[in-house]
Protein chains: 2
Amino acid sequence: MGRGKIEIKRIENNTNRQVTFCKRRNGLMKKGYELSVLCDAEVALVVFSNKGRVYEYASNDMKSTIERYMKASADNSNSYIVQETNAQYYQQESKKLQRQIDMLQSTNRHLMGEGLGSLNVKELKQMENRLERGIARIRSKKNEMMLAETESRQKRNTELEHENAILQAKIVENERLQQLTMMPGQEYNAIHAFLSRNLLSLDMMDTEPVVYRPLPEKKALYLG
Amino acid sequence: MGRGKIEIKRIENNTNRQVTFCKRRNGLMKKGYELSVLCDAEVALVVFSNKGRVYEYASNDMKSTIERYMKASADNSNSYIVQETNAQYYQQESKKLQRQIDMLQSTNRHLMGEGLGSLNVKELKQMENRLERGIARIRSKKNEMMLAETESRQKRNTELEHENAILQAKIVENERLQQLTMMPGQEYNAIHAFLSRNLLSLDMMDTEPVVYRPLPEKKALYLG
DNA sequence: CAGCCTATCTATAAGTG
DNA sequence: TCACTTATAGATAGGCT
């Protein structure tokens, strides 16, 4: 249909392609319109130019035709239906969860002794019993934990005392050895002074419970 | 384009319409295809026959073209986008609510003295305090309600006792009147028997606290 | 580039088997 | 209902302004 026959393949000449696009697009739309009128059909037609512009024709309403198409071509996996279903599902789910939250909050408030207006005596007794059981369990757990902590502390104390005794014994032994070994001048004096400082530190520690401090204790004894 | 020119309006002849629909539909699709190839365009085309059958052509993929169209014609109010957004919104909402539920359930279980493993002594003490406050409030509410109930029962008792006394007095009065009035044969005997039954009932009621039963008390007294 | 022209090509209405 | 034919209306390629 034109001065010459053309092959159906991409028109390389940019201008020609543009012109042909415009002409044929209009032709297509006209044909769509004629089909819809002549044959009482619902026609929808979408064209994107290669530059991304949209052109459309719809005999009825594009959105509703697309929805009808989506529902008709129910090849499940259909993202439209899926999303519609999803939305509904999550909406219901949200409502359900919200109700659950309301109930839990109500229970919580009741357990905290608030919002009791709606309860009768029997329910109040029930709550009281539950709370008593709860408080008993909590107290038991608390006591258990406190006892465990005390015991562990006790054990640590014993360990530290033992360690302390050993260290003190070592120091006394060292001192004894140093005094027995005769050393000349400066070197002797230095070591003597060092040991004196250590003794002084140990004396201080007898009046001050340094051993209860966190680790490392060796540092606390000025030996490392 | 045919043997004769036709007006663009619905073809009334059923067969003709059917044939024309078939021919023109194919023509439309061919034109769509040619446009997409010649001009490097993305074409999608949906036709519903008046009997509801779907025919479609898409140069690329119908679903993706429709999505592209939906997103391009972002005249908001667009149900597709809205539903997509909705689904996402409610999904997030559900997650949030679920987290809230988990927290509340955890708190609840703690309040009931369960699942205490994760709590330290300080938190346990806190829980204990909260529960003590809760239990105090519940007990106070319970006592208040029980007191109110007792009082209302007391009041009702007084009323019933009063009513009882009045009714008894009435009976005594009736009996006195009946004995004073001389009545012949059968009739007298019938009434006498009736009154005796009443007296018996009343005697029984003196040992049994019928007055504390629920209403109606008149029936209980065999008077109505 | 947007219209317009027109020779030519296509689509198709109507008819036939 | 389909397949094929054919005359003709309609679409449009290429050229011109």
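Chain naming here is simple, since letters A, B, ... match the order of the sequence lines and numbering starts at 1 in each. The figures that follow rest on heavy atoms only: side chains count, while hydrogens, waters and symmetry mates do not.
- Residues forming a side chain to side chain contact (heavy atoms under 4.5 Å, CB included) with B:Lys51 (at least two apart in sequence, or on another chain): B:Gln18, B:Ser49.
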## Note on the structure
In B/S/- notation (B base, S sugar-phosphate only, - none; protein heavy atoms under 4.0 Å), nucleotides 2-11 of chain D written 5' to 3' is ----BBBBBB

Result block: side-chain N/O donor-acceptor pairs under 3.5 angstrom for residues 112-120 of chain A, not counting sequence neighbours:
| residue | atom | partner | partner atom | Å |
| --- | --- | --- | --- | --- |
| A:Asn120 | OD1 | A:Lys122 | N | 3.1 |
| A:Asn120 | OD1 | A:Glu123 | N | 2.8 |

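- Between B:Asn16 and A:Thr15, the one whose closest nucleotide on DNA chain C sits nearer the 5' end is A:Thr15.
- Side chain of B:Thr158 to main chain of B:Gln154: a donor-acceptor pair is present (N/O by atom type, distance under 3.5 Å, no hydrogens or angles).
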Can you give the donor-acceptor pairs under 3.5 Å from side chains of residues 94-103 of chain B to other protein atoms, not counting sequence neighbours?
| residue | atom | partner | partner atom | Å |
| --- | --- | --- | --- | --- |
| B:Ser94 | OG | A:Ser94 | OG | 3.3 |
| B:Ser94 | OG | B:Tyr90 | O | 3.1 |
| B:Gln98 | NE2 | B:Asp102 | OD1 | 3.4 |

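- Rounded to a whole Å, the CZ atom of B:Phe21 is 13 Å from the P atom of D:dT1.
- At a threshold of 4.5 Å between non-hydrogen side-chain atoms, the residues B:Glu67 and B:Lys71 count as touching.
- Residues passing the side chain to side chain contact (heavy atoms under 4.5 Å, CB included) test with B:Lys125 are A:Lys142, B:Val121, sequence neighbours excluded.
- Under 3.5 Å, the side chains of B:Thr65 and B:Glu42 contain a donor-acceptor pair of N or O atoms.
- Only at 4.0 angstrom or more do the heavy atoms of residues 46-55 of chain A sit from any atom of DNA chain D, so none qualifies.
- Between the axis at the start and the axis at the end of the helix from C:dA2-D:dT17 to C:dG17-D:dC2 there is an angle of 30°, using five pairs per end and rounding to 10 degrees.
- With sequence neighbours excluded, the residues satisfying side chain to side chain contact (heavy atoms under 4.5 Å, CB included) with A:Asn129 are A:Glu132, A:Arg133.
- Annotation: ring-ring contact (aromatic ring centres under 6.0 Å, His included) contacts involving residues 11-49 of chain B, sequence neighbours excluded, comprise B:Phe21-B:Tyr55.
- Applying the salt bridge (Lys or Arg N to Asp or Glu O under 4.0 Å) test to residues at least two apart or on different chains, the pairs with a partner in residues 11-28 of chain A are A:Arg10-A:Glu12, A:Arg24-B:Glu34.
- A salt bridge links A:Arg153 and A:Glu149; the closest N-O separation between the charged side-chain nitrogens and carboxylate oxygens is under 4.0 Å.
- For the side chain to side chain contact (heavy atoms under 4.5 Å, CB included) test, no residue two or more places apart in sequence or in another chain qualifies with B:Lys170.
- For DNA chain C, the contact window with chain A, defined by any atom under 4.0 Å from a protein heavy atom, covers C:dT6 to C:dT12 in 5' to 3' order.
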### Message
Between B:Val47 and B:Arg53, is the side-chain contact (heavy atoms from CB on, under 4.5 Å) condition met? List the steps.
### Response
CA-CA 8 Å; B:Val47 180; B:Arg53 266 206 73 169; over 6 Å; no

